[in-house]
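Below: the structure, in structure tokens.
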Amino acid sequence: MKRILIFIIPLLFFCCKTDKSIEISKTEFEEKILIPGDLLKYYIYSDAVFSDPEIRIFIKPDSLHLPRHKSVKNIKEEHQYSLKIVEYESFYNYISRRCKELGLLPIEMRPFKIME
């Protein structure tokens, strides 16, 4: 019986991890992440020069245990959420303005990552 448990417990742990981040809308981003103050950092990502960019969103480690993030707490990728955007400048202005309105500290932003 002990041998079976020794085999099953690690298997359960590893099979529960998801590979991909979850894509969310701007509204979900604001309600689930920004307003509660769960945003650790984000960066803009594009897989081609002319494609629409994506914001990759990182959640604070102490917020991952919260019920609103239960679907992403075991994600294997480095970021938990992603958000499709059309133009980076407008998103940057939006997030800077909202952080100021909500009294949040400026959020760390990393520059473009382009995948070839």
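Side chains are part of it too, since the values below use all heavy atoms of this structure and drop only hydrogens, waters and symmetry mates.
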- Query: Going only through I, L, V, M, F, W and Y residues with side-chain contacts under 4.5 Å, is there a path from Ile35 to Ile95?
  - Reply: yes
- Under the 6.0 Å and 45° cation-pi test, does Arg56 pair with Tyr43? no
- Message: List the residues meeting side chain to side chain donor-acceptor pair (under 3.5 Å) with Ser63, not counting sequence neighbours, and say none if there are none.
- Response: Asp38
- Message: Within this structure, what is the CG-OG1 distance for the pair Leu34 and Thr27, rounded to the nearest 0.5 Å?
- Response: 12.0 Å
- Quick one: are the ring centres of Tyr42 and Phe91 less than 6.0 Å apart? yes
- Message: I need the Leu64 CG to Ile59 CD1 distance, nearest 0.5 Å.
- Response: 6.5 Å
- Check Pro53 against Val86 and note the closest heavy-atom contact, atom names and distance. CD-O, 3.7 Å
- Query: Taking all non-hydrogen atoms of both residues, which atom of Phe29 and which atom of Ile57 are closest, and how far apart?
  - Reply: CD1-CD1, 3.5 Å
- Sub-3.5 Å donor-acceptor pair from the side chain of Glu54 to the main-chain atoms of Ser82, do we have one? no
- Message: Assigning hydrophobic clusters by single linkage (Ile, Leu, Val, Met, Phe, Trp, Tyr; side-chain heavy-atom cutoff under 4.5 Å), is Ile24 placed with Leu66?
- Response: no
- Note on the structure: d(Gln80 CD, Ser21 OG) to nearest 0.5 Å is 8.5 Å
- Query: Could you state the interatomic distance from NZ (Lys60) to NE2 (His65), rounded to the nearest 0.5 Å?
  - Reply: 12.5 Å
- Note on the structure: Residue pairs passing the salt bridge (charged side-chain N to carboxylate O under 4.0 Å, His left out) test with at least one member in residues 27-36, sequence neighbours excluded, are Glu30-Arg98
- Query: Roughly how far, to the nearest 0.5 Å, is CD1 of Ile33 from CG of Leu40?
  - Reply: 11.5 Å
- Message: Do Tyr81 and Glu23 make a side-chain contact, defined as non-hydrogen atoms from C-beta onward lying under 4.5 Å apart?
- Response: no
- Which residues share a side chain to side chain donor-acceptor pair (under 3.5 Å) with Lys26, sequence neighbours left out: none
